2 protein chains.
Amino acid sequence: MSAATPAPRMTRQRREILEALDTRDFRSAQAWHERLRSEGSTIGLATVYRGLQSLADQGEVDAVVAESGETLYRRCEAGEEHHHHLRCRGCGKAVEIDVPEFEAFAHRIAEQHSYGDIQHTIELTGICPECAAAGKD
Amino acid sequence: MSAATPAPRMTRQRREILEALDTRDFRSAQAWHERLRSEGSTIGLATVYRGLQSLADQGEVDAVVAESGETLYRRCEAGEEHHHHLRCRGCGKAVEIDVPEFEAFAHRIAEQHSYGDIQHTIELTGICPECAAAGKD
DNA sequence: GGCACAGATGAGAATGATTGTCGAAATCAG
DNA sequence: CTGATTTCGACAATCATTCTCATCTGTGCC
Ligand SMILES: [Zn+2]
Ligand SMILES: [Zn+2]
Ligand SMILES: [Zn+2]
Ligand SMILES: [Zn+2]
């Protein structure tokens, strides 16, 4: 391995993105961008996309693909382990869930079928109490 | 009840789509369209999109959203129960898997957090033996 | 501090998947 | 067959995301 990832520079924009990611909600890149702008930042949309992707690669943020096909992001607990979510389709609020024994199950199944380089997705979505009360069903 | 779903008409195009869906692979709407065209059909792209979506609503085909955000489709066994897949990221080939007790687990978690209208996604992806041999890793 | 430069930014164009529009063609009840 | 309704298909329009490229800015070095 010749190219160790060349640590991203800490620019004003990157810092702003990190600071904006304070809520526990999953939001789209465009939504985070809007928020940053509404708080006075002049950051560009492309920069938000690049920043969030880079942070996701580093494991600093979680990224999930919604049914609509758009990618949603939220800050991840520092150095947290691999995990899954129960996410609200209305507001993006999510809680982390533990799926005991699933990791092992996945590998067993993969081996049975001789599939390699396994990845898995487990996402639960629903409507949170607040959104339900607001009539989003 | 005024508007009961007005059963879709069986047109030549709809029949062609069903016939094309003979392999066990997950492919994009565009890929299925290409195949239909290459086999002489004059069906339009929008029609393929509409048809696949309609069939997915009826449960005739499975639809999954890939990491890229594009939606992949494949015929589902007739009247089959809700299920999940182990899919090859190289060629789309998939096998259906059984995830015992997960359905119950999902509902228990949802109730603990008072989330309603629960849906869940479990997808395993990997590289199948053929694709691995072809060097797609 | 001051310099050099690779990496980062931002405005806007480009892309690519999907959806909308609308006149023409097909389906189906009577 | 006839007319009401639905579906087609070509193509324009959307929308999220990526690319281009001229400009700016951390960072390592003196
Ligand atoms: Zn909510
Ligand atoms: Zn996991
Ligand atoms: Zn299936
Ligand atoms: Zn394969």
Side-chain angles (χ1 to χ4, degrees), chain A residues 2-21 25-58 60-74 89 92, chain B residues 2-20 26-58 60-74 89 92:
Chain A
S2 45
T5 310
R9 292 180 181 172
M10 183 50 63
T11 63
R12 169 177 59 81
Q13 292 83 345
R14 197 178 179 80
R15 202 164 15 247
E16 286 180 356
I17 293 176
L18 256 350
E19 281 169 21
L21 292 166
D25 309 346
F26 271 99
R27 303 189 188 180
S28 68
Q30 312 225 27
W32 287 118
H33 177 245
E34 250 183 68
R35 171 169 181 181
L36 282 159
R37 287 296 191 127
S38 79
E39 293 180 349
S41 173
T42 60
I43 195 171
L45 178 57
T47 302
V48 175
Y49 271 101
R50 288 185 289 232
L52 288 172
Q53 283 161 180
S54 153
L55 289 167
D57 287 344
Q58 297 179 218
E60 289 291 313
V61 310
D62 290 332
V64 303
V65 179
E67 302 140 75
S68 66
E70 61 181 357
T71 304
L72 307 177
Y73 304 87
R74 82 159 188 180
R89 288 192 298 278
Chain B
S2 45
T5 310
R9 292 180 180 173
M10 182 51 62
T11 63
R12 169 175 61 79
Q13 292 82 349
R14 199 179 176 79
R15 205 171 309 116
E16 285 181 356
I17 293 176
L18 256 350
E19 281 169 22
F26 270 98
R27 301 190 190 180
S28 68
Q30 312 225 26
W32 287 118
H33 177 245
E34 251 183 67
R35 170 167 182 181
L36 281 160
R37 286 297 189 124
S38 78
E39 291 179 351
S41 172
T42 60
I43 195 171
L45 177 57
T47 302
V48 175
Y49 271 102
R50 288 183 290 233
L52 288 172
Q53 282 160 180
S54 152
L55 289 167
D57 286 344
Q58 298 178 217
E60 289 291 312
V61 309
D62 289 331
V64 303
V65 180
E67 302 139 76
S68 66
E70 63 181 357
T71 304
L72 307 177
Y73 303 88
R74 83 159 188 180
R89 287 192 299 276

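Predicted model, so just to flag it, every value in this text is computed and none were measured. Chain letters run A, B, ... following the sequence lines, proteins first and then strands; every chain starts at 1.
- Residue contacts shown for A:Ser28 are absent, as no nucleic acid heavy atom lies under 4.0 Å away.
- Under the 4.5 Å side-chain criterion, counting only non-hydrogen atoms from C-beta, A:Thr47 is not in contact with A:His33.
- Per the geometry, NE2 belonging to B:His33 stands 12 Å off C1' belonging to D:dC8, to the nearest Å.
- Nearest to the side chain of B:Pro8, among D:dT17, C:dT18, D:dT7, sits D:dT7.
- D:dC15 atom C1' lies 15 Å from atom CG of A:Leu72, rounded to whole Å.
- B:Arg12 has a carboxylate O that lies under 4.0 Å from a charged side-chain N of B:Glu16, or vice versa, which qualifies the two as a salt bridge.
- A:Glu67 places its CD atom 16 Å from the P atom of D:dA16, with the value rounded to the nearest Å.
- Interface residues of residues 47-55 of chain B facing DNA chain C, ordered by number: B:Tyr49, B:Arg50, B:Gln53; criterion, heavy-atom separation under 4.0 Å.
- To the nearest angstrom, P of C:dT19 lies 11 Å from CD of B:Gln30.
- Computed from coordinates, the A:Leu45 CG to D:dC15 C1' distance equals 12 Å when rounded to whole Å.
- A:Ser68 comes within contact range of no nucleotide atom at all, as no heavy-atom separation falls under 4.0 Å.
- Considering only side-chain atoms of B:Ala46, the nucleotide from C:dG20, C:dA17, D:dT17 that sits closest is C:dG20.
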- prompt: Which letter, B, S or -, goes with each nucleotide of nucleotides 25-30 of chain C from 5' to 3', with contact meaning a protein heavy atom under 4.0 Å?
  reply: -BB---
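- No side-chain heavy atom of B:Gln30 sits less than 4.5 Å from a side-chain heavy atom of B:Glu34.
- One can place CG of B:Leu18 at 15 Å from P of D:dT7, the figure rounded to the nearest angstrom.
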